[in-house]
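Scroll down for the structure; my scribbles are underneath it.
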Amino acid sequence: MKKNYILLLFAILAVTLGACANANSATNTISEVELTDREKAILSTTAEESFVFDFDIGDGQKKITVWVEKYETGKLVDDLSHITTQVEQNGSIIFTSPENFNEKQKNFTIGIENNGSTSSINGFDENADGLADMSRVWSTIQGTKTWSEGKVTLASICYSNDEHGVSELSSEFLNDVAGHMDELKQYDVAYLLKATFTD
C-alpha cells in the first residue's frame with residue numbers, strides 16, 4: 001500500500017513538473033526545481049528529504065542512470081538504488097527518502113519523468129543503524145550544471161554523531177566533488193545522489 005502511495009505521488013509530481021521541464025531551453029543541463037508550496041506539501045507527507053531536478057538533453061535519445069553512493073568517514077562503502085532508463089529531450093529526476101519506521105534501514109525512492117511517463121525504483125540501505133540519533137544536513141546543486149563532463153553529483157545527505165552538531169558541506173563541494181572529497185571525512189555517514197547520461 002505504501003509503495004502504491006509513493007508511486008501515486010510520483011505520478012502527480014510528473015504531471016505538475018512536466019511544464020517546468022518543457023520550459024527548459026538550454027541543452028545538456030540539469031538544475032534543481034523550485035517547488036511550489038503545494039508540491040512541497042505533497043512530498044513532505046511521505047519523505048524526510050526530497051529533491052527534484054529538471055534535465056534537458058536536446059534532440060535525440062540518451063540513457064540516464066541515477067544512483068546513491070554511501071560514504072562512511074569519507075570512504076565509499078556502497079552503491080545503492082541504481083535506475084537506468086532511456087530519455088528524450090527533457091524531464092525530471094525525483095528523489096525522496098521516506099521517513100524511517102525501521103531504525104536499522106534507510107529507504108530511498110528515485111523516479112525519472114520523461115514524455116509523460118515515470119520510471120521509479122525503491123531501494124534501501126540495510127546498514128543504517130543509529131542514523132535517527134545523529135544530526136543531519138543536506139544540500140543540492142545551485143543554479144544550472146552541464147553534465148557533458150560525465151557524472152554529476154546532485155545532492156548530499158550527511159549525518160554526524162559529533163556532540164557539537166554538524167556543519168554543512170561547503171558551497172563548492174557539489175561543483176567540484178573530486179576536489180573536496182576530504183570534506184566527507186567529518187561525517188559518520190554521507191549519501192550522495194548522482195546521475196550520468198550516456199548515448
Side-chain angles (χ1 to χ4, degrees), residues 6 30-35 40 43-55 64-84 92-112 120-147 149-197:
I6 291 172
I30 193 161
S31 58
E32 185 183 19
V33 174
E34 288 190 29
L35 299 176
K40 290 177 183 176
L43 286 170
S44 69
T45 60
T46 59
E48 286 187 317
E49 301 102 359
S50 57
F51 311 114
V52 182
F53 306 91
D54 280 347
F55 62 83
I64 179 175
T65 301
V66 184
W67 71 100
V68 176
E69 291 180 352
K70 179 183 179 181
Y71 293 80
E72 292 180 352
T73 59
K75 295 181 181 178
L76 177 64
V77 295
D78 209 350
D79 280 352
L80 309 164
S81 304
H82 277 256
I83 182 172
T84 299
S92 299
I93 298 168
I94 305 162
F95 172 87
T96 62
S97 180
E99 184 176 354
N100 290 343
F101 296 101
N102 178 350
E103 291 186 0
K104 296 184 179 181
Q105 180 173 300
K106 183 165 182 65
N107 300 306
F108 302 102
T109 303
I110 301 172
I112 300 172
S120 65
I121 186 171
N122 295 308
F124 57 90
D125 175 12
E126 60 185 4
N127 298 308
D129 195 18
L131 290 187
D133 299 322
M134 296 186 192
S135 300
R136 176 187 68 191
V137 293
W138 60 90
S139 60
T140 63
I141 58 173
Q142 301 297 310
T144 300
K145 292 188 72 170
T146 60
W147 47 261
E149 65 272 14
K151 298 175 185 176
V152 176
T153 304
L154 302 174
S156 67
I157 306 171
C158 302
Y159 294 83
S160 175
N161 250 333
D162 193 320
E163 62 182 12
H164 301 294
V166 58
S167 57
E168 295 181 5
L169 289 164
S170 70
S171 58
E172 293 82 20
F173 180 84
L174 292 177
N175 290 323
D176 179 17
V177 174
H180 291 83
M181 284 300 292
D182 281 353
E183 291 187 34
L184 291 183
K185 292 179 180 178
Q186 66 183 306
Y187 304 104
D188 293 276
V189 177
Y191 298 100
L192 301 184
L193 178 65
K194 296 194 172 187
T196 189
F197 294 83

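The chain is numbered in sequence order, starting from 1.
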With no hydrogens and no angle check, just 3.5 Å: does a side-chain donor-acceptor pair link [X] and [Y]?
X      : Y      : value
Ser50  : Thr96  : no
Thr65  : Thr196 : no
Thr109 : Asn122 : yes

Subject >> Working for side-chain contact (heavy atoms from CB on, under 4.5 Å), residues Val68 and Phe95 >> reply: CA-CA 10 Å; Val68 176; Phe95 172 87; 3.8 Å; yes
Report yes if the side chains of [X] and [Y] come closer than 4.5 Å at any heavy-atom pair, otherwise no.
X      : Y      : value
Tyr191 : Glu49  : no
Ser160 : Gln186 : no
Ile110 : Leu193 : yes
Ile93  : Ile30  : yes
Lys151 : Trp67  : yes

**OP:** If the plane angle is over 60° it's perpendicular, under 30° parallel, otherwise tilted; pick one for His180 and Phe173.
**Re:**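 Taking Phe173 first and then His180, their aromatic rings stand perpendicular (interplane angle over 60°).
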Original post:
What is the distance from atom CD of Glu183 to atom SG of Cys158, rounded to the nearest 0.5 Å?
Top reply: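 Here the rounded value is 9.0 Å.
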Original post:
Rounded to the nearest 0.5 Å, what separation is found between the CD1 atom of Ile141 and the CG atom of Leu154?
Top reply: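 CG of Leu154 is found 5.5 Å from CD1 of Ile141.
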Subject >> Criterion side-chain hydrogen bond (donor to acceptor under 3.5 Å, both in side chains) against Lys70, the qualifying member of Asp78, Asp125, Asp79 >> reply: Asp125
Original post:
Of all heavy-atom pairs between Ser156 and Phe51, which one has the smallest distance, and what is that distance?
Top reply: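 Heavy-atom minimum between the residues: O-CZ, 4.3 Å.
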Original post:
For Leu174, does its backbone N or O pair with a side-chain atom of Lys145 as donor and acceptor, under 3.5 Å?
Top reply: yes
Original post:
Under 3.5 Å, side chain of Tyr187 to main-chain N/O of Leu169, donor-acceptor pair present?
Top reply: yes
